Amino acid sequence: MSKSEWYADFVKLGYAPKKDDIVCLFRFEPSSGIADSEAMGRIASESSVGTWTTLAALPKMLPKLKAYAFWNDRNFCKVAYPGALFEPASITGFLAGPAGNIFGMKAIKNLRLIDVEFPRHYVRQFRGPHFGIDAIKKIFKKKSGPITAVVPKPKLGYTATEHAEKVAYAVWRGGIDCVKDDENLTNQAFNKFGERVNRLSRVRDRVEKETGEVKEAFINVTAPDLRELEKRIKVVHEHGFRYFMLDVVISGFAAVQTASNIAHDYEMAIHAHRAMHAMFTRNRRHGMSMLLLAKLMRLIGVDQLHIGTAIGKLEGSRSEIIATKDMVLSREVGEIPMSRLHQDWNGIKPMLPVASGGLHPGLLPHVFDIYKTTDMVVQVGGGTQGHPMGIEAGAKAVVQAIEAYHHKVNLYEYGETHMELKEALKKWGSVRPR
Ligand code: CAP
Ligand code: MG
């Protein structure tokens, strides 16, 4: 390390984090010619108060704000950040440091922010989900999960009228709890947001009257700016829906905090779609883990978040999905040094995991076995509307597969007395789409 560099001041192996420190677990790969300690110094320095060179003058406050790399095991290190470094109750204010410039440093070839342990005083600054796991009972009046959802497919193309009266009506009549907008359906000319909300509310009222069941929709309020976002949430609320959906990564953390505050005001639940996450979660050597993204979303306060299926069409390892599921549901698990840190949630409600992507009735028992619970949301889009007997039959087949699981009956056996399930199994069996 050259005399003019300052990084070594930010490595203090054996330092014991203070009560209010935030601890980040990183996996790092130094570029050639850079020693591990030099890499760790850069990570801690550039994500807290440092820069590349020594400085002529330093503020008095500085010693209280320096982060220290204090633990290292091969390519893994932990960095402790003083709580005072960050603006209170602001995930954007937090991420600008540990998820900021350090990911672009030449001296570090790959860097992954795996997990963060937030101390009590920090967690207390957030409200978390308004409903979370309680949505099953409080909104759907169900003793246990899953909450079922179907996305009209093809993703786009239906008019607001067709979306509501053709697809949503059949899906709800078939026994599904929610009709979910696709992640790229917002306010297109052929399916205007306001008209979709209006028509869905009318069809919902009709089906609730016909069936006596609670019917909900995850209507996508993702908007070009926060003022429009607020307006769209208000429209959904005024039409009597208890949920709205937000593309949380695309919208950004400030939008999620805004939406969560509004959801608490309106006593609504947020269905969080994670489209765009794979740009930075998928490569295990760089970016941020899905587990950490889910932790941030629970802290801010979304009620349910897509976290993967392990057997559907989208990537996500079984181990990471199980770890994320355990974390969002607060299935207390000990820290596993290389893959996750402990987290005391201090009363923040558990968040519901969402399994979606390439699912069909033949796969649902496997999903519940992987999740080891049915307290979750399952979304089956193509796997409902691709049913040979039509949309309503596809919805019934999903419901029947869940019934079979609850009764601990083999799907094929249950299919013998439930034609819609039998036809779904004939078409898809237990195929795992890629
Ligand atoms: C699933 C889906 C969801 C994905 C998102 C889609 O449709 O609507 O957006 O599940 O991925 O557009 O692919 P299908 P993830 O049910 O027809 O596959 O849940 O992994 O975030
Ligand atoms: Mg989708």
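Read the numbers this way: they start at 1 and go in the same order the structure lists the ligands and their atoms. Values below: every heavy atom of this structure, side chains too, minus hydrogens, waters and symmetry copies. Small disclaimer: the values here were computed from a predicted structure and weren't measured.
Residue Asn346 places its CG atom among more than 12 non-hydrogen atoms of other residues, nucleotides or ligands, all under 6.0 Å distant. Within a 6.0 Å sphere centred on NZ of Lys192, other residues, nucleotides and ligands contribute more than 12 heavy atoms. In this structure, Lys138 places its NZ atom where only 12 or fewer heavy-atom neighbours from other residues, nucleotides or ligands lie under 6.0 Å away. Around the NZ atom of Lys153, the shell of radius 6.0 Å holds more than 12 heavy atoms that belong to other residues, nucleotides or ligands.
Within the 4.0 Å heavy-atom criterion, neither part of Leu359 lies near ligand 1.
Side-chain atoms of His360 come within 3.5 Å of backbone N or O of Val431 as a donor-acceptor pair. With hydrogens and angles ignored, the 3.5 Å screen pairs a side-chain donor or acceptor of Glu162 with a backbone N or O of Thr159.
The nearest protein atom to atom 11 (O) of ligand 1, hydrogens excluded, is given as Leu314 CD1, 3.0 Å; this is a heavy-atom distance. Given atom 12 (O) of ligand 1, the protein heavy atom at minimum distance is Lys155 NZ, 2.3 Å. Looking at atom 1 (C) of ligand 1, its nearest protein heavy atom turns out to be Gln379 NE2, 3.5 Å. Atom 17 (O) of ligand 1 has Gly382 N, 2.8 Å as its closest protein atom, hydrogens excluded (heavy atom only). The protein heavy-atom contact nearest to atom 16 (O) of ligand 1 is Gly381 N, 2.8 Å. If you check which protein heavy atom lies closest to atom 10 (O) of ligand 1, you get Ser356 OG, 2.6 Å. Summary of contacts: the protein heavy atom closest to atom 21 (O) of ligand 1 is Arg274 NE, 2.7 Å. The protein atom (non-hydrogen) at minimum distance from atom 19 (O) of ligand 1 is His306 ND1, 2.8 Å.
Taking the ring centroids of Phe280 and Phe103, they lie at or beyond the 6.0 Å cut-off. Between His271 and Phe218, the distance separating the two ring centers is shorter than 6.0 angstrom.
Atom OE1 is the N, O or S atom of Glu183 at the shortest distance from the Mg ion (ligand 2). Here the N, O or S atom of Asp182 that is nearest to the Mg ion (ligand 2) is OD1.
Geometrically, ligand 1 and Gly357 share a nitrogen or oxygen pair separated by less than 3.5 Å.
For Gly383, the closest heavy-atom approach to ligand 1 does not fall below 4.0 Å.
Taking a cutoff of 4.0 Å between a charged side-chain nitrogen and a carboxylate oxygen, Lys349 and Asp303 do not qualify as a salt bridge.
Each of the following atoms of ligand 1 lies closer than 4.0 Å to a heavy atom of His273: 3 (C), 5 (C), 9 (O).
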